Amino acid sequence: MMQSSNPAISAMRNAAGVYNFGGVEAGATISGTTTKSILLVGLTMVVGYLTMNYTLSQIYSGQAISSLLMYGSIIGALIVAFITIFKPTVAPITAPIYAVLEGAALGTLSGAFEFQYPGIVTTAVMSTFVVVMTMLFLWKYKIVVPTQRFKSIITGAITGIFVLYMIQIVFSLFGGSLLPSSGPMSILISLIICTVAAFSLVLDFENIQIAVDEGLPKHFEYYNAFSLLVTICWLYIEILKLLSKRE
């Protein structure tokens with residue numbers, strides 16, 4: 001069995017077994033996780049759509065984008081995400097909260113991009129959907145198999161991207177920039193990051209299957225749906241940035 005990149009699943013692995021958690025009915029299922037994933041993605045999209053329209057109305061009326069809404073929702077989403085990661089049992093409560101906060105953050109960001117590049121949000125949403133469905137197909141029919149080596153490469157790439165983003169933030173605080181904002185190199189970097197985000201979906205799908213196979217408790221349906229949502233939102237942001245560089 002492949003080692004999971006999901007820290008909570010790894011921690012629960014030795015105690016797994018449906019009967020340890022009150023029988024089969026108390027264990028996570030594929031259908032339950034699918035339903036909750038659709039719920040969380042739908043909630044994020046509805047809040048995002050409303051927030052995007054609000055942001056566009058502000059821009060068209062000559063007002064500045066709400067910093068409180070933008071940064072408040074981002075900080076709130078990060079706090080809720082860390083709570084969920086380190087305490088999976090609260091996922092049924094925190095996952096929907098995260099979806100609302102993430103929707104508000106993405107909606108504000110999308111509004112700014114949509115104003116500058118009309119139509120870009122629709123293209124980004126459709127592209128994200130196509131990528132998610134493609135990766136699901138590749139995983140389902142074992143065209144892409146998440147071996148231990150595959151997991152190590154993707155996890156290492158994600159870590160590298162995170163470090164790169166942190167360094168970029170430090171540079172930006174001093175008015176500089178480590179990464180190019182336009183040109184062929186900028187597009188290449190965005191393509192690489194989009195590819196890593198896409199293949200990260202395979203790990204999410206595998207974690208969902210592991211949770212079911214090993215009989216992890218019911219709250220892991222919300223937990224894995226939350227993990228999948230995080231990756232989808234990351235993918236959407238990267239696709240949005242990539243499309244803006246092509247305009």
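If you're wondering where the values come from, they're calculated on a predicted model, not measured in any experiment.
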Euclidean distance, T231 OG1 relative to L235 CG, rounded to 0.5 Å: 8.5 Å
Run the side-chain contact (heavy atoms from CB on, under 4.5 Å) test on K151 and T147 for me, step by step, so that the C-alpha distance in whole Å, both residues' side-chain angles and the decisive distance to 0.1 Å come before the verdict. CA-CA 6 Å; K151 174 214 172 241; T147 61; over 6 Å; no
Could you grab the distance from atom OG1 of T122 to atom CG of L243, nearest 0.5 Å is fine? 11.0 Å
Give me the ring orientation class for F150 and F199: parallel if the planes are under 30° apart, tilted from 30 to 60°, perpendicular past 60°. perpendicular
Kindly give the heavy-atom pair with the smallest separation between P146 and V202, and that separation in Å. CB-CG1, 3.9 Å
W234 vs V196, side-chain contact (heavy atoms from CB on, under 4.5 Å): CA-CA, chis, key distance, verdict: CA-CA 10 Å; W234 175 35; V196 173; 4.0 Å; yes
Might you point out which heavy atoms bring S190 and L242 nearest each other, and give the distance in Å? CB-CD1, 3.7 Å
Using a 4.5 Å cut-off on heavy atoms from C-beta on, say whether the side chain of I93 contacts that of Y222. no
Do L229 and S37 have side chains that approach each other closer than 4.5 Å (heavy atoms only, starting at C-beta)? no
Can V100 be reached from I97 by stepping across I, L, V, M, F, W or Y side chains whose heavy atoms are under 4.5 Å apart? no
Among the clusters formed by ILVMFWY side chains lying less than 4.5 Å apart, do M135 and F137 turn up in the same one? yes
Atom of T134, atom of V130 and distance for their closest heavy-atom approach: OG1-O, 2.7 Å
Would you indicate whether F174, at its atom CZ, is surrounded by more than 12 heavy atoms from other residues, nucleotides or ligands within a distance under 6.0 Å? no
Taking G183's backbone N and O only, do any of them form a donor-acceptor pair with S186's side chain (distance below 3.5 Å, no angle check)? no
E238 side chain to A197 backbone, donor-acceptor under 3.5 Å: no
Verify side-chain contact (heavy atoms from CB on, under 4.5 Å) between T35 and L39, making sure each step is shown before the conclusion. CA-CA 6 Å; T35 299; L39 172 66; 5.6 Å; no
Any side-chain to backbone donor/acceptor pair from E221 onto A28? Under 3.5 Å, distance only. no
With the side chain counted from C-beta on, respond yes when M70 and S66 share a heavy-atom pair under 4.5 Å apart, and no when they do not. no
Rounded distance [0.5 Å steps], CD1 in I193 versus CG in L164: 6.5 Å
Non-hydrogen atoms of L40 and F226 that approach each other most closely: CD1-N, 3.7 Å
Honestly curious: do V47 and L109 fall in one hydrophobic cluster under the side-chain, below-4.5 Å linking rule? no
Does some side-chain heavy atom of K140 sit less than 4.5 Å from a side-chain heavy atom of F205? no
Side-chain heavy atoms of I158 within contact of S200, under 4.5 Å: yes
Of all the heavy-atom pairs spanning A77 and Y98, show the shortest one and how long it is. O-CD1, 3.4 Å
Within this structure, what is the CG-SG distance for the pair L228 and C233, rounded to the nearest 0.5 Å? 9.5 Å
same_hphob_cluster(L69, M45) at 4.5 Å side-chain heavy-atom cutoff: no
Do you know which two heavy atoms are closest between V131 and A198, and how far apart they sit? CG1-CB, 3.7 Å
Looking at side-chain heavy atoms only, is the closest gap between L136 and L201 below 4.5 Å? no
Above 12 or not: heavy atoms from other molecules or residues under 6.0 Å from CE of M126? no
Compute whether any side-chain donor of one residue and acceptor of the other, for Y236 and S110, lie under 3.5 angstrom apart. yes
Within the distance-only criterion (no hydrogens, no angle test), does the side chain of Q168 pair as donor or acceptor with the backbone N or O of S177 below 3.5 angstrom? no
Do F113 and V125 belong to the same hydrophobic cluster, where Ile, Leu, Val, Met, Phe, Trp and Tyr are linked whenever their side-chain heavy atoms lie under 4.5 Å apart, directly or via other members? yes
Begin with the C-alpha distance, continue with both residues' side-chain angles, and end with the deciding distance and a verdict on side chain to side chain donor-acceptor pair (under 3.5 Å) for N224 and T33. CA-CA 7 Å; N224 282 322; T33 306; 5.5 Å; no
What distance separates I187 CD1 from I192 CD1, expressed to the nearest 0.5 Å? 12.5 Å
Nearest 0.5 Å, what's the OH-CG distance between Y60 and N53? 10.0 Å
Please lay out, stage by stage, how I74 and T108 fare under the test side-chain contact (heavy atoms from CB on, under 4.5 Å). CA-CA 10 Å; I74 291 175; T108 306; over 6 Å; no
Please check if atom CE in M166 has more than 12 non-hydrogen atoms from other residues, nucleotides or ligands closer than 6.0 Å. yes
For Y165, does the OH atom sit with more than 12 other heavy atoms under 6.0 Å from it, leaving out its own atoms? yes
For S244 and K241, indicate whether the former's side chain and the latter's backbone hold a donor-acceptor pair under 3.5 Å. yes
